[in-house]
Amino acid sequence: PSGAKGAAGVGAASALAVPSKAEAAAELLGSKPVTNVAELLAALDRQASMPMVRMGEALIGLGLIDEKKLEQALVIQRGDRSSPLGEILVRQGHIQRQDLQLALIRKMGYPLMDLDHFQPDIEALSKVTYPIAARLQVLPLYLRAGQLIVAMEDPTRGKVLDELEFVTALKLQPTLVKPGHLANALETLVRDSALRAKMGAASLDIINTWSYRECQLGLTSCLDHLP
């Protein structure tokens with residue numbers, strides 16, 4: 001009995017063990033990335049069927065933080081609404097950025113995009129100008145039932161999503177990319193002058209119809225993102 005109890009204790013401890021940086025990276029690399037539209041839509045449908053989980057709950061569920069660290073980060077966030085909870089925890093050194101992406105994939109169901117192989121839809125690209133995409137670090141991917149699907153490194157950045165919804169007049173559905181991959185994809189667009197020229201055509205049409213008040217709101221939103 002004592003041996004069984006000891007074995008059970010070891011098993012419980014293993015289950016709660018915090019993944020190392022290398023383990024988190026390996027698991028993230030093992031996540032099958034999305035390479036085409038069919039896989040993207042299927043992944044989003046799976047995400048829609050998952051229960052809603054907050055970032056703090058996801059990180060606790062993975063054993064990456066405890067309740068005390070979560071509460072400390074929430075206190076900081078109350079005084080800095082512009083920073084997502086995950087970003088605060090990264091800055092505090094409680095988690096690595098790879099841990100954050102692991103939680104977004106495993107617990108929150110965000111599709112992981114392979115931007116080396118996924119071809120963004122021209123109609124989606126037309127909704128966002130290149131300067132806005134580069135500044136906000138987002139890449140339009142596909143239009144689905146009035147929603148613009150975009151790729152970003154942190155899909156929990158609410159202020160970025162709010163501004164993009166305002167500029168495009170569309171609801172957004174964010175997906176995930178590994179750190180550094182989005183910048184490479186945007187650089188590819190810069191080199192393709194024909195593709196870059198098509199970016200934002202529809203967005204500019206919307207902006208040209210804005211009232212004076214809407215222009216004020218748009219400018220305020222842009223200024224909020226300045227360092």
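Residue numbers run from 1 in the order of the sequence given.
Of the possible donor and acceptor atoms, one in the side chain of Glu39 sits under 3.5 Å from a partner among the backbone N and O of Thr35. Judged by distance alone, with hydrogens and angles left aside, the side-chain atoms of Glu153 form no donor-acceptor pair with the main-chain N or O of Leu182 at under 3.5 Å. Put simply, the side chain of Asp99 gets close to the backbone of Gln96: a donor and an acceptor are under 3.5 Å apart.
Contact check for Lys32 versus Leu112: no side-chain heavy atoms found under the 4.5 Å cut-off. Under the 4.5 Å side-chain criterion, counting only non-hydrogen atoms from C-beta, Leu141 is in contact with Thr175. Leu125 places a side-chain heavy atom less than 4.5 Å from the side chain of Leu139. Looking only at side-chain heavy atoms (C-beta outward), Leu136 and Glu163 come within less than 4.5 Å of each other. The shortest distance between side-chain heavy atoms of Lys127 and Leu170 falls below 4.5 Å. Using a 4.5 Å heavy-atom threshold, the side chains of Thr188 and Leu115 count as separate. When side chains are defined from C-beta on, Pro111 does not count as touching Leu176, because their heavy atoms never get closer than 4.5 Å. Using a 4.5 Å heavy-atom threshold, the side chains of Leu143 and Ile149 count as separate.
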- Trace of the salt bridge (Lys or Arg N to Asp or Glu O under 4.0 Å) decision for Asp121 with Arg144: CA-CA 11 Å; Asp121 180 69; Arg144 182 195 198 190; over 6 Å; no

- Task: Walk me through it: do Met50 and Arg46 pass the test side-chain contact (heavy atoms from CB on, under 4.5 Å)?
- Result: CA-CA 7 Å; Met50 295 176 64; Arg46 286 195 299 272; 5.8 Å; no

- Task: Dump the intermediate steps for side-chain contact (heavy atoms from CB on, under 4.5 Å) on Glu165 and Lys171, then the final yes or no.
- Result: CA-CA 6 Å; Glu165 284 191 350; Lys171 289 294 183 182; 3.9 Å; yes

- Message: Does His117 form a side chain to side chain donor-acceptor pair (under 3.5 Å) with Asp114? I'd like the steps, not just the answer.
- Response: CA-CA 6 Å; His117 295 91; Asp114 180 353; 2.8 Å; yes

- Query: Yes or no on side-chain contact (heavy atoms from CB on, under 4.5 Å) for Met113 and Lys178, after CA distance, side-chain angles and deciding distance?
  - Reply: CA-CA 8 Å; Met113 302 302 302; Lys178 294 175 185 175; over 6 Å; no

- Task: Decide side-chain contact (heavy atoms from CB on, under 4.5 Å) for Met199 and Thr129; before the verdict, give the C-alpha distance in whole Å, the side-chain angles of both, and the deciding distance to 0.1 Å.
- Result: CA-CA 5 Å; Met199 286 194 72; Thr129 64; 5.9 Å; no

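Both Leu40 and Ile122 belong to a single network of hydrophobic side chains, linked directly or stepwise wherever heavy atoms of I, L, V, M, F, W or Y lie under 4.5 Å apart. Hydrophobic clustering, with ILVMFWY side chains joined whenever heavy atoms are under 4.5 angstrom apart, keeps Leu59 apart from Ile88. In the hydrophobic clustering of this structure, Ile65 does not group with Ile76; members are Ile, Leu, Val, Met, Phe, Trp, Tyr whose side-chain heavy atoms approach within less than 4.5 Å, directly or through other members. Two different hydrophobic clusters hold Val53 and Met55 under the rule that ILVMFWY side chains link at heavy-atom gaps under 4.5 Å.
The minimum heavy-atom distance linking Pro120 with Pro140 is given by the pair CB-O, 3.5 Å. Scanning both residues, Ala43 and Val34, for their nearest heavy atoms gives CB-CG2, 4.3 Å. Heavy-atom minimum distance, Leu89 versus Ala73: CD2-CB, 3.6 Å. Minimum interatomic distance between Leu161 and Leu172 (heavy atoms only, all atoms of both residues): O-CD1, 3.5 Å.
If you take NZ on Lys159 and OG on Ser83, they are separated by 9.5 Å, rounding to the nearest 0.5 Å. Note that CG of Leu186 and CZ of Arg191 are 11.0 Å apart. Values are rounded to the nearest 0.5 Å. Atoms CG and OH, from Leu41 and Tyr142 in turn, are 5.5 Å apart once rounded to the nearest 0.5 Å. One distance of note links CE of Met108 with CD of Gln101; it measures 12.5 Å at 0.5 Å rounding. Taking CG from Leu164 and CG from Leu148, the interatomic distance works out to 6.5 Å, rounded to the nearest 0.5 Å. Here the straight-line distance linking atom OG1 of Thr156 with atom OH of Tyr110 works out to 7.0 Å at 0.5 Å rounding.
Annotation: Met52, atom CE; neighbour count of heavy atoms from other residues, nucleotides and ligands within 6.0 Å does not exceed 12. For Arg91, the CZ atom sits in a packed shell: over 12 heavy atoms of surrounding residues, nucleotides or ligands are nearer than 6.0 Å.
Electrostatic pairing of Arg78 and Glu71 counts as a salt bridge here, judged by a charged N lying under 4.0 Å from a carboxylate O. A salt bridge does not link Arg157 with Asp162: every distance from a Lys NZ or Arg NE/NH1/NH2 to an Asp or Glu carboxylate oxygen is 4.0 Å or more.
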